[in-house]
Amino acid sequence: MRLSQSLPAALDRALAMVRPVSRAVVVGGGAMMLLSALMIAADVLLRRLLGVSTWGADELSYYALAISTSWALAFSMLDKAHIRISVLTGMLGPRLRAACDIVALLAMGFFALMACEAIFGLLERSWQRGATSITTLQTPLWIPQGLFLLGFVFFALVLALLLLRVLAALLLERSFETAELHGGAPTIESETRAAVEEAAALGRGTR
Amino acid sequence: MLLTSIILLLLLLALSIPVAASLFVLAFSLDELFARAPLIAAFGNQLWETSTSFILVAIPLFVLVGEILQRSGIAGKVYDALDAWLSWLPGGLMHANIGTATLFSATSGSSVATAATVGTIALPQAQRFGYDERFFAGSIAAGGTLGILIPPSINLIIYGFLSKTSIPQLFLAGIVPGLGLALIFMVIIVVLCWFRPEWGGTRRAAAGMAERLKKLVHLVPVLILFAFIIGSIYAGWATPTEAAAVGTVAALAMAWAFGGLSWRMLRDALEGTMRTTAMIMLILLAANFLNFILASIGLTNQLLALITDAQLGPMGTLLLLVAFYVVLGFFVETLSLMIITIPLVTPLMMQLGFDMVWFGILLIVLIEMALITPPVGLNLYVVQGVRNRGTLGDVVVGAIPFVVAMALMVVLLILFPQIALFVPQLAG
């Protein structure tokens, strides 16, 4: 098979593998938040009704927030949930719009890589100093910070994959449509359709 | 420095670079260009501090409450009950549209989801009972916007976090303007349908008291949830995050009682919650870093000096700002508009002596207006999408009376700040 076919196909396979992983970690992160809600609720009720002192549900919940957020970044990217203002670029031709999509991916990638570097620095310091949180739990900070970093690394990998896929579509397949599918901004039409379909599915389910 | 920043920001956004990345690239560039020592060294700490704020835990939890309720099938029953209670008024079902949207707004923070949910239930009725479809669709789009004003509101949490304003006070301040706006909407419907009865569809016999009481049971759980969340914050019994956690448990219990709870539903709700949370948090992370850079390089002070020199006076500046939001609201997605402008606008308003809680509420009403003005008013598109016939122009026209109502609320808030402030002051 020629490169112009094999490379896009390989990237498609990689994306097809990444999608379910991103979905699984999102649900995992969501479960962490749900667990946090249960812990905080139990905590607040025990404290208010029985006067039992608190034990760190709040601390675990804000680690859960940081970790679940960073883990969900990749899924939100694949799902085109990160907001882009495409009023002006929507009026451009396919060539210029594809260029903007590449710039958008590069900018997001730059943000993700800088974040990875910065969080890695943080993690390194916490590890070397054996830093713990100044709370009763005395959490070794490298644990939540390491999990936080993992999410950003995954996010950066997904961004690199998307960028390669868009470039392959443009340079090898010469298809603006495929490029738009992977790197394009969500249009108002597509966003609306998603919201409407969801509400309609829910409506059917209840009647 | 100020001009460079604004031009760079507009350029980044116009290229359709994701808002979060635009804010980060702007912060990074300003740091490179104007900072004496590289502030990027603090980036890791900034990311970690913002991500681990206990108050922000309230964001996913309130989104989750909304997701659970939306998926539990409660909306249809609430609509049915409100139909029995409100449809005797001129304008009939349109009051149920506003009422359902109000109740759902009270428990979730999303305008688009509210508009889509109410639209799916309500729009088929518009054709059946011969309502003016434009006005009917407008009432749904407008009702959906109440979600970001009536507490708990994700937008108010974000405003409070970025401007360092008390979120409990913001929540309390949102109650009267939120319910007031819902009331103004209903008054407008009554008045217009009084003069134009054909807009209000076929009048139906009012539901009997027995039927109303029977259906009340569908309203009670949502009302209790709302009362609990607001009551516990008002009494200082729980922080917003704690109220959200107890609310999540209550929403799960309600979904179970209504027979809408399943593993699949829960998984979808969690997925939807984290999708939204990640989107909001990434913008917040970038915005908070930008906030830090702007203050460190002295740009905030430069803006303050500039406005002070212009001698517009507090009221002149405020009116200019209102005009600025109305115009930008036509073109910029609302959540981004709010987050991008807060770091620059709130220090200015504080300097001019305005109350930050009051300004937060005013800002939200302006943002609500942006949600139902074309070409970027997302609620209009959602309602049109559900409607699936006619044109978007119909919904735009139908929403005009409600845009007028919002403008009226803006004027009222400026003339009588107490509308927003007396509840928080009452709570101390």
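In what follows, chains carry the letters A, B, and so on, assigned in the order in which the sequence lines appear, proteins first and then strands, with residues in each chain numbered from 1.
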Using side chain to side chain contact (heavy atoms under 4.5 Å, CB included), reason through B:M279 and A:T69 one step at a time and then give a plain yes or no. CA-CA 9 Å; B:M279 179 273 285; A:T69 302; over 6 Å; no
Nearest-0.5 Å distance, [atom1] of residue [X] to [atom2] of residue [Y]:
| X | Y | atom1 | atom2 | answer |
| --- | --- | --- | --- | --- |
| B:S22 | A:I85 | OG | CD1 | 7.5 Å |
| B:M274 | A:F75 | CE | CZ | 11.0 Å |
| B:T241 | A:D58 | OG1 | CG | 9.5 Å |

Side chain to side chain contact (heavy atoms under 4.5 Å, CB included) evaluation trace for B:W48 with A:I119: CA-CA 8 Å; B:W48 183 245; A:I119 301 165; 6.0 Å; no
Looking at [options], which one has more heavy-atom pairs under 4.5 Å with chain A than the rest?
| options | value |
| --- | --- |
| B:W237, B:F28, B:F43 | B:W237 |
| B:V246, B:L285, B:T52 | B:T52 |
| B:Q46, B:K77, B:E271 | B:E271 |

Would you mind checking which part of [X] comes under 4.5 Å of any heavy atom in chain A, side chain (CB onward), backbone (N, CA, C, O), both or neither?
| X | answer |
| --- | --- |
| B:T248 | side chain |
| B:V249 | side chain |
| B:L12 | neither |
| B:L56 | both |
| B:L13 | both |
| B:T276 | neither |
| B:P18 | both |
| B:I40 | side chain |
| B:L64 | side chain |

Heavy-atom distance under 4.5 Å to chain B: side chain of [X], backbone, both or neither?
| X | value |
| --- | --- |
| A:L65 | both |
| A:E117 | neither |
| A:R97 | neither |
| A:M39 | neither |

Taking the basic N atoms (NZ, or NE/NH1/NH2) and the acidic carboxylate oxygens, is any pair closer than 4.0 Å for A:R47 and B:E242?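 Counted as a salt bridge, because a side-chain N and a carboxylate O are separated by less than 4.0 Å.
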Parallel, tilted or perpendicular: which fits the ring planes of B:F24 and A:F111, with parallel below 30° and perpendicular above 60°?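 Ring orientation of B:F24 relative to A:F111: parallel.
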Using 30° and 60° as the class boundaries, would you call the ring planes of B:F54 and A:Y62 parallel, tilted or perpendicular? perpendicular
Compute whether any side-chain donor of one residue and acceptor of the other, for A:R84 and B:S16, lie under 3.5 angstrom apart.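 A pair is found: one side chain offers a donor N or O, the other an acceptor, under 3.5 Å apart.
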For atom CZ of A:R23, is the number of surrounding heavy atoms from other residues, nucleotides or ligands below 6.0 Å larger than 12? no
Considering only heavy atoms and a distance below 4.5 Å, find which of [options] pairs most often with chain B.
| options | answer |
| --- | --- |
| A:M77, A:M114, A:R48 | A:R48 |
| A:T89, A:D101, A:L88 | A:T89 |
| A:V103, A:D79, A:L92 | A:D79 |
| A:G29, A:G151, A:S68 | A:S68 |
| A:A64, A:A72, A:A42 | A:A72 |
| A:M33, A:Q145, A:M108 | A:Q145 |

Might you work through the side chain to side chain contact (heavy atoms under 4.5 Å, CB included) test for B:L252 and A:L34, ending with a clear yes or no? CA-CA 10 Å; B:L252 281 174; A:L34 185 62; 3.9 Å; yes
All heavy atoms of B:A245 vs all of A:A37, minimum pair found to be CB-O, 3.4 Å
Identify the two heavy atoms, one from B:L270 and one from A:G30, that lie closest to each other, and give their separation to 0.1 Å. CD2-O, 3.4 Å
Please step through side chain to side chain contact (heavy atoms under 4.5 Å, CB included) for the pair A:F155 and B:L282, ending with a clear verdict. CA-CA 12 Å; A:F155 182 41; B:L282 193 65; 4.2 Å; yes
